[in-house]
Amino acid sequence: MSEQSSNAARLVILISGRGSNMLSIIQAIQEKHLDAQIAAVISNRPDAAGIVSAQQAGIDTQLLDHKSFESREAFDASLIQVIDRYQPDYVVLAGFMRILTAEFVAHYAGKLINIHPSLLPKFKGLHTHQRALEAGESEHGASVHFVTAELDDGPVILQAKVPVMADDSAETLAARVLEQEHMLYPAALKKLIDEAKANTP
Ligand SMILES: Nc1nc2c(c(=O)[nH]1)N[C@@H](CN(C=O)c1ccc(C(=O)N[C@@H](CCC(=O)O)C(=O)O)cc1)CN2
Ligand SMILES: NCC(=O)N[C@@H]1O[C@H](COP(=O)([O-])[O-])[C@@H](O)[C@H]1O
């Protein structure tokens, strides 16, 4: 990774799959659109392709397989121990597919964010694109929000909208939304980081 400023925001990114949103953040940092550094990328799935991508970018990676733990609480407690080694300013969920416990959320209150593929508060949860089509929505999109114990219910930081086309499938709509996500997440992080700097004496 290229050098960042000495006070660059430290990010730990959590993924479960390909990590395309993680890659958009890496690119924004490399192109100096985002004054941040990625301290680590952590996945709950051994097969997450994004882990290889992060390693190729020279970023420290950790695997914490949730299936190796007897409970959600035990997984989350172990995840906190791993994350806290890096002392992040923000914990960034990027295609991370585990519901986090209230204890985990409270531990990172105000610094835990997620990107969700819908215009919250519409379509919380999974299968958002199919649900938007079934609801006859004329527009759809993605939201970056603070994570709370309640699923996909936290304060929205930034949103991006796309039109729903008459011949859209869930796949074509998802692709249009994902294209916007890749601009939205770096923009949302920049907003948070700039606001934090403005509020720092
Ligand atoms: N407490 C919270 N945890 C998480 C939030 C949140 O807002 N509050 N956001 C999600 C991200 N997410 C949608 O944006 C989401 C992720 C996962 C699931 C889900 O049902 N997961 C299942 C397992 C699914 C799988 O492994 O494929 C589960 O955890 O049992 C719903 C929404 C991240 N966490
Ligand atoms: N509930 C969380 C969720 O559905 N996240 C979604 O997973 C997709 C893959 O992300 P990725 O390519 O960054 O891994 C993205 O569309 C993201 O919004």
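Order of listing sets the numbers, starting from 1, for every ligand and every atom in it.
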**OP:** Return the residue, atom name and 0.1 Å-rounded distance of the protein heavy atom closest to atom 13 (O) of ligand 2.
**Re:** Asn21 N, 2.9 Å
**OP:** Answer yes when Asp35 and Lys190 have at least one side-chain N-carboxylate O distance shorter than 4.0 Å, and no when they do not.
**Re:** no
Original post:
When rounded to the nearest 0.5 angstrom, what distance separates NZ in Lys191 from CD1 in Ile193?
Top reply: 12.5 Å
**OP:** Report yes or no: does Arg72 have a heavy atom closer than 4.0 Å to ligand 1?
**Re:** yes
Original post:
When rounded to the nearest 0.5 angstrom, what is the spacing between CZ in Arg18 and CG in Leu178?
Top reply: 5.0 Å
**OP:** Report yes if Ala149 has an N/O atom closer than 3.5 Å to an N/O atom of ligand 1; otherwise report no.
**Re:** yes
**OP:** Measure the CG-NZ distance between Leu120 and Lys122 for me, rounded to the nearest 0.5 Å.
**Re:** 11.5 Å
**OP:** Considering only non-hydrogen protein atoms, determine which one is nearest to atom 7 (O) of ligand 2 and report residue, atom name and distance to 0.1 Å.
**Re:** Gly95 CA, 4.0 Å
**OP:** Considering only non-hydrogen protein atoms, determine which one is nearest to atom 8 (C) of ligand 2 and report residue, atom name and distance to 0.1 Å.
**Re:** Arg18 NH2, 4.1 Å
Original post:
Under a 4.0 Å N-O cut-off, is there an ion pair linking Asp153 with Lys124?
Top reply: yes
Original post:
Do you see a donor-acceptor pair shorter than 3.5 Å between the side chains of Asn114 and Tyr185?
Top reply: no
Subject >> ligand 1 contact by Gly154, heavy-atom criterion under 4.0 angstrom >> reply: no
Original post:
Looking at CG of Leu184 and CD1 of Ile115, how far apart are the two atoms once the value is rounded to the nearest 0.5 Å?
Top reply: 4.5 Å
Original post:
Taking atom types as modelled and ignoring hydrogens, do the side chains of Ser143 and His145 form a donor-acceptor contact shorter than 3.5 angstrom?
Top reply: no
Original post:
Which class fits the ring pair Phe96 and Phe75: parallel under 30°, tilted 30 to 60°, perpendicular over 60°?
Top reply: parallel
Subject >> For atom 14 (O) of ligand 2, the protein heavy atom that lies nearest, with its residue and separation >> reply: Gly19 N, 3.1 Å
Subject >> N-O pairing of Asp76 and Arg98 below 4.0 Å >> reply: no
**OP:** Look only at interatomic distance and state if Arg98 has a nitrogen or oxygen under 3.5 Å from any nitrogen or oxygen of ligand 1.
**Re:** yes
**OP:** Any chance you could lay out the side-chain hydrogen bond (donor to acceptor under 3.5 Å, both in side chains) test for Thr128 and His116, step after step, and finish with the verdict?
**Re:** CA-CA 9 Å; Thr128 62; His116 178 76; 5.3 Å; no
Original post:
Heavy-atom distance to atom 31 (C) of ligand 1: which of Leu93, Leu126, Val105, Leu112 wins?
Top reply: Leu126
**OP:** Pick whichever of Thr101, Thr148, Leu100, Ile115 has a heavy atom sitting closest to atom 8 (N) of ligand 1.
**Re:** Thr148
Original post:
Among protein heavy atoms, which lies nearest atom 18 (O) of ligand 2, and at what distance?
Top reply: Glu181 OE1, 2.7 Å
**OP:** Rounded to the nearest 0.5 Å, what's the gap from CG on Leu34 to CD1 on Ile29? Could you check?
**Re:** 5.0 Å
Original post:
Is it true that Lys67 lies under 4.0 Å from ligand 1, counting heavy atoms only?
Top reply: no
**OP:** Any atoms of ligand 1 less than 4.0 Å from a non-hydrogen atom of Arg45? List them with their elements.
**Re:** 25 (C), 26 (O), 27 (O)
Original post:
Would a 4.5 Å heavy-atom cut-off, applied to side chains only, mark Leu93 and Leu112 as touching?
Top reply: yes
Subject >> Ser20, any N or O under 3.5 Å of ligand 2 N or O >> reply: yes
**OP:** With heavy atoms of Met97 as the reference, note each atom of ligand 1 found under 4.0 Å away.
**Re:** 16 (C), 17 (C), 21 (N), 22 (C), 23 (C), 24 (C), 25 (C), 26 (O), 29 (O)
Original post:
What atoms of ligand 2 come within less than 4.0 Å of a heavy atom belonging to Leu178?
Top reply: 15 (C), 16 (O)
Subject >> Protein contact to atom 14 (O) of ligand 1 [nearest heavy atom, distance to 0.1 Å] >> reply: His116 ND1, 2.8 Å
Original post:
Of all the heavy atoms in His145, does at least one lie under 4.0 Å from an atom in ligand 1?
Top reply: yes
**OP:** Going by heavy-atom distance to atom 1 (N) of ligand 2, choose the closest among Met22, Met97, Arg98, His129.
**Re:** Met97
**OP:** Using side chain to side chain donor-acceptor pair (under 3.5 Å) as the criterion, point out the one residue from Arg176, His129, His140 that pairs with Asp168.
**Re:** Arg176
**OP:** Report yes if Asp152 has an N/O atom closer than 3.5 Å to an N/O atom of ligand 1; otherwise report no.
**Re:** yes
**OP:** Go through ligand 1 atom by atom and flag the ones less than 4.0 Å from a non-hydrogen atom of Phe96.
**Re:** 11 (C), 16 (C), 33 (C)
Subject >> Close-contact set for ligand 1 against Val147 heavy atoms, below 4.0 Å >> reply: 2 (C), 6 (C), 7 (O), 8 (N)
Subject >> Minimum non-hydrogen distance to atom 11 (C) of ligand 1, winning option of Leu151, Asn114, Asn44 >> reply: Asn114
